[in-house]
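In what follows, every heavy atom counts, from backbone to side chain, and hydrogens, waters and symmetry copies are set aside. Numbering starts at 1 and runs along the sequence shown.
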Amino acid sequence: MHLEDYLKRNAQQYPSKLAVICDNEQCTYEELYNRSLAKASELKAESLKVGQIVCLRAYSSIDFLVSYFALHMIGCVAAPLEKDIPDASFDKISQELGAYTTPDGVADVLYTTGTTGKSKGVMISHRTIVADAENLIGGQGFSHELVFVINGPMNHIGSLSKVYPVILLGATLIIVDGLKDMNKFFDAFDYPAEKMATFLVPASIRILIEFSSDKLAALAEKMDFIETGAAAISHADMETLCRLLPKTRLYNTYASTETGIICTYNYNDGQCIAGCLGRPMQHSQIFITEKGLIACKGDTLMTGYVGDPERTASILKNDTIYTSDIGRIDEQGMLHLSGREGDVINVGGFKVAPTEVEDVVMSYPGVRECICISVDHRITGKALKLLVAMTEGNTLDKRALAHFLKSKLEAYKVPLLYEQVDAIKRTYNGKINRKFYSELKQ
């Protein structure tokens, strides 16, 4: 079954149940299915071909979902692009994708954020969509009664993948357009439901903790679970969320556009283990390569990079994706992540994962966000530099921070240089933009 088959089933079994709510608009399952059917008829009249890749702007709206479902219904491949992408870029990508054919069964082309290199178009199959949904249902306890709040970009796997289990189960989705208006985000939780949940990237969690911790704490009885992913969450923020939401399941998930949804860990388990991502879910398997990198198998893997068989072959071999993520599996079968191979900084022969340094820095009072980068050094070749953005009203005391880090880290992991900045560059979905800082040095 495809996602749209579950939508049809829900329209028949729960016709009057609310499927999606966005701003002042709401849509039952019957209405959502009928609107999608009508849109499919419109698109079919445009002479779109089966297997054709069609770009659409991923607005945070019911209309986007209708168009997304409709494209699948007529056998097209949906390519959701960032909603604010310039027209010239949208047209260029549309033209490029128009030249490609996709293998049978491909549903979507999702673009990676390109934080460490060129953005890539990842082909996702209908089978993968259902497998991702079932992984989340089994791993995090999605249910028919759940109301899930999406607040991130709809063209990114972090948010789009939450549509999957909601539709499979006939649950309810509330769409909020980002966190620029935090009141609107919290207003969504006024919905009369016993079980509510959301997905938040670590940068959003940091913002909510800093500016609205009291409002978060007020949701303690209603928030069934919160999932985070897309980037590493600091241990300090993990501990803070556990204190604010003692009864809420708090999941740290290992996933990517290429691998799909692989592992998840409820860190509100009394242990709150830093860097832990839990065990593989129903449709996934993992192992660690001889180089210490994570490899993934199962039904959630991508079909490949669109129009780029060579790049596909470089990471997808024998139905296994070989990632650049450094990890280990403990005696309980739990995955632990310590950074990316390409991000490791060699300082005088010692290898430093910047995420390890950043995690400790985030536990220092007054730090809002940070990034550890490498700079040239005449003796060691490379040295560590820390860029720090402080919370409002705080100023960076470089000496005090260095002293703090020396008490928590090995000497070679303590940065040599420190600089206070207004903010750390991030991608549209909240990841630290390491590519920006590596290019800045060149």
Requested in this report: Determine whether Met334 and Leu277 make a side-chain contact, defined as any pair of heavy atoms from C-beta on separated by less than 4.5 Å.
Outcome: no
Query - Leu173: which of Val147, Ile21, Ile150, Ile167 passes side chain to side chain contact (heavy atoms under 4.5 Å, CB included) - result: Ile150
Query raised in the report: So which of Arg311, Glu258, Glu310 actually passes side-chain hydrogen bond (donor to acceptor under 3.5 Å, both in side chains) with Tyr305?
Result: Glu258
Query raised in the report: Side chains of Thr198 and Phe225: closer than 4.5 Å at any heavy-atom pair?
Result: no
Report summary line: With sequence neighbours left out, the residues meeting salt bridge (Lys or Arg N to Asp or Glu O under 4.0 Å) with Glu134 are none
Query - Side-chain ion pair, Arg368 and Glu392, N-O less than 4.0 Å - result: no
Query raised in the report: Which one of Asn268, Asp224, Thr264 satisfies the side-chain hydrogen bond (donor to acceptor under 3.5 Å, both in side chains) criterion with Arg249?
Result: Asp224
Query raised in the report: Are Ser143 and Lys195 side-chain neighbours, meaning at least one heavy-atom pair lies under 4.5 Å?
Result: yes
Report task. Using a cut-off of 6.0 Å, state whether more than 12 heavy atoms not belonging to Asp214 lie near its atom CG. Result -> yes
Query raised in the report: Do you see a donor-acceptor pair shorter than 3.5 Å between the side chains of Thr253 and Gln140?
Result: yes
Query raised in the report: Is any side-chain heavy atom of Met182 closer than 4.5 Å to a side-chain heavy atom of Leu208?
Result: yes
Query raised in the report: Going by an N to O cut-off under 4.0 Å, is there a salt bridge joining Lys382 and Asp376?
Result: yes
Query raised in the report: Does the side chain to side chain contact (heavy atoms under 4.5 Å, CB included) test come out yes or no for Glu358 and Glu369, once each step is laid out?
Result: CA-CA 8 Å; Glu358 292 157 6; Glu369 55 183 351; over 6 Å; no
Query raised in the report: Only one of Lys351, Arg434, Lys435 forms a salt bridge (Lys or Arg N to Asp or Glu O under 4.0 Å) with Asp343, so which one is it?
Result: Arg434
Report task. Give, for atom CD1 of Ile53 and atom SG of Cys76, the distance between the pair rounded to the nearest 0.5 Å. Result -> 10.0 Å
Query - Closest approach of Tyr191 to Met196 (non-hydrogen atoms, all atoms of both residues) - result: O-SD, 4.0 Å
Query raised in the report: Does NZ in Lys425 sit with more than 12 non-hydrogen atoms of other residues, nucleotides or ligands closer than 6.0 Å?
Result: no
Requested in this report: Give a yes-or-no answer on whether the side chains of Tyr59 and Asp177 include a donor-acceptor pair shorter than 3.5 Å.
Outcome: no
Query raised in the report: Which is it for Ser94 and Asp91 under the side chain to side chain donor-acceptor pair (under 3.5 Å) test, yes or no, and what are the steps along the way?
Result: CA-CA 5 Å; Ser94 295; Asp91 293 340; 5.3 Å; no
Query raised in the report: Would you call Asp237-Arg206 a salt bridge at under 4.0 Å N-O?
Result: yes
Query raised in the report: Does the ring center of His72 lie less than 6.0 Å from the ring center of His2?
Result: no
Query raised in the report: Who pairs with Tyr412 by ring-ring contact (aromatic ring centres under 6.0 Å, His included), at least two apart in sequence or on another chain?
Result: Phe350
Query raised in the report: Do we see a donor-acceptor contact under 3.5 Å between the side chains of Tyr265 and Asp269?
Result: yes
Report task. Mind running side chain to side chain contact (heavy atoms under 4.5 Å, CB included) on Ser256 and Ile157 for me, showing each step along the way? Result -> CA-CA 7 Å; Ser256 71; Ile157 190 71; over 6 Å; no
Query raised in the report: Under 3.5 Å, is there a donor-acceptor pair linking the side chains of Lys297 and Asn318?
Result: no
**Report entry** Heavy-atom neighbours of Gln95 CD exceed 12 at 6.0 Å
**Finding:** no
**Report entry** Heavy-atom check, side chain of Cys242 versus side chain of Leu250, under 4.5 Å
**Finding:** yes
Report task. With side chain to side chain contact (heavy atoms under 4.5 Å, CB included) as the test, would you mind laying out the steps for Leu160 and Asn155 before giving the verdict? Result -> CA-CA 6 Å; Leu160 190 58; Asn155 58 307; over 6 Å; no
**Report entry** Cation-aromatic face contact Arg57/Phe64, 6.0 Å, 45 degrees
**Finding:** no
Query raised in the report: What pair of heavy atoms forms the shortest contact from Thr303 to Leu316, and how long is it?
Result: O-CD2, 3.7 Å
Query - Arg328 side chain to Leu293 backbone, donor-acceptor under 3.5 Å - result: no
Report task. Could you tell me whether Lys184 and Asp23 make a salt bridge, using a distance below 4.0 angstrom between a side-chain N and a carboxylate O? Result -> yes
**Report entry** Atom CG of Asp319: over 12 foreign heavy atoms under 6.0 Å
**Finding:** no
Query - Validation row: Ile286, Leu335 side chains within 4.5 angstrom (heavy atoms) - result: yes
Query raised in the report: Do Val130 and Leu3 touch side chain to side chain, with heavy atoms closer than 4.5 Å?
Result: no
With a cut-off of 3.5 Å and sequence neighbours excluded, list every side-chain donor-acceptor pair involving residues 396-403.
| unit_1 | atom_1 | unit_2 | atom_2 | d |
| --- | --- | --- | --- | --- |
| Asp397 | OD1 | Arg399 | N | 3.3 |
| Asp397 | OD1 | Ala400 | N | 3.1 |
| Lys398 | NZ | Tyr418 | O | 3.3 |

Requested in this report: Apply the test side chain to side chain donor-acceptor pair (under 3.5 Å) to residues Asn135 and Ser284: give CA-CA distance (whole Å), side-chain angles for both, the deciding distance (0.1 Å), then the verdict.
Outcome: CA-CA 8 Å; Asn135 269 4; Ser284 304; 3.0 Å; yes
Query - Close side-chain approach of Ile261 and Thr300, heavy atoms under 4.5 Å - result: no
Requested in this report: Please find out if less than 6.0 Å separates the ring center of Phe148 from that of Phe142.
Outcome: yes
